[in-house]
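The structure appears right after this line, and notes come after that.
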Amino acid sequence: LLLSSINLNYNNLVLGKKAFAKCYSLKTLSLLDVHEISYSVFEYCFNLTNIILFNTNKILSNAFKGCFNLIKIIILSKCYLDKYAFKACF
């Protein structure tokens with residue numbers, strides 16, 4: 001089974017450390033009402049191109065590290081963004 005898209009709408013959900021790390025087939029991500037994207041959750045998801053976040057409170061260090069094919073990132077609310085959240089994204 002290859003996961004190409006994630007759409008989550010859970011109030012106060014915390015995505016745990018490395019939950020989807022190295023999910024190479026992932027292309028799109030849409031999160032609504034997710035409280036926190038923890039450390040390295042989507043690390044090295046090489047094929048991730050589009051991210052939409054609404055009402056996400058925190059994006060921690062290395063959350064999207066190595067996602068170097070990102071084309072579009074939309075954050076539709078106030079959000080704490082760690083300075084290394086998008087580390088090694090070209």
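When all heavy atoms are compared, the tightest approach of Cys45 to Phe20 is SG-O, 3.2 Å. For Leu26 against Thr28, the heavy-atom pair with the smallest separation is CD1-O, 3.5 Å.
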Would you list the atom pairs, donor with acceptor, under 3.5 Å between side chains in residues 54-63 and any protein atom, with sequence neighbours excluded?
| from | atom 1 | to | atom 2 | distance (Å) |
| --- | --- | --- | --- | --- |
| Asn55 | ND2 | Asp33 | OD1 | 2.5 |
| Asn57 | ND2 | His35 | ND1 | 2.8 |

Pairs under 3.5 angstrom only: tabulate donor-acceptor contacts from the side chains of residues 78-90 to other protein residues two or more places apart or in another chain.
| from | atom 1 | to | atom 2 | distance (Å) |
| --- | --- | --- | --- | --- |
| Asp82 | OD1 | Tyr84 | N | 2.7 |

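Side-chain atoms of Ser30 and Asn7, non-hydrogen and from C-beta on, do get closer than 4.5 Å to each other. Side-chain contact check for Leu31 versus Asn9: every heavy-atom pair is 4.5 Å or farther apart. Side-chain contact between Leu48 and Leu29 is present, with heavy atoms from C-beta onward closer than 4.5 Å. Counting heavy atoms from C-beta on, the side chains of Ile74 and Leu53 never come closer than 4.5 Å. For the pair Phe42/Ile51, no side-chain contact is recorded, criterion being any heavy-atom separation below 4.5 Å from C-beta on. Proximity of Val34 to Tyr10: side-chain heavy atoms (C-beta onward) are nowhere separated by under 4.5 Å.
A continuous path of Ile, Leu, Val, Met, Phe, Trp and Tyr side chains, each step under 4.5 Å between heavy atoms, connects Leu70 with Ile37, placing both in one hydrophobic cluster. Two different hydrophobic clusters hold Phe64 and Tyr39 under the rule that ILVMFWY side chains link at heavy-atom gaps under 4.5 Å. Following chains of ILVMFWY side-chain contacts shorter than 4.5 Å, one cannot reach Val41 starting from Val14, and the two form parts of different hydrophobic clusters.
Between Phe68 and Phe46, the ring-plane angle classifies as tilted under the 30° and 60° cut-offs.
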- [ ] Start with the C-alpha distance between Ile52 and Ile75, add both sets of side-chain angles, then the distance that settles side chain to side chain contact (heavy atoms under 4.5 Å, CB included), and finish with yes or no.
- [x] CA-CA 6 Å; Ile52 300 174; Ile75 301 174; over 6 Å; no
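Between Asn47 atom CG and Cys67 atom SG the span is 9.5 Å, to the nearest 0.5 Å.
Counting only distance, with no hydrogens or angles, the side chain of Thr49 and the backbone of Ile71 share no donor-acceptor pair below 3.5 Å.
By the side-chain contact (heavy atoms from CB on, under 4.5 Å) test, Lys18 is found to be paired with Ala21, Ser40, Glu43, residues two or more places apart in sequence or in another chain being considered.
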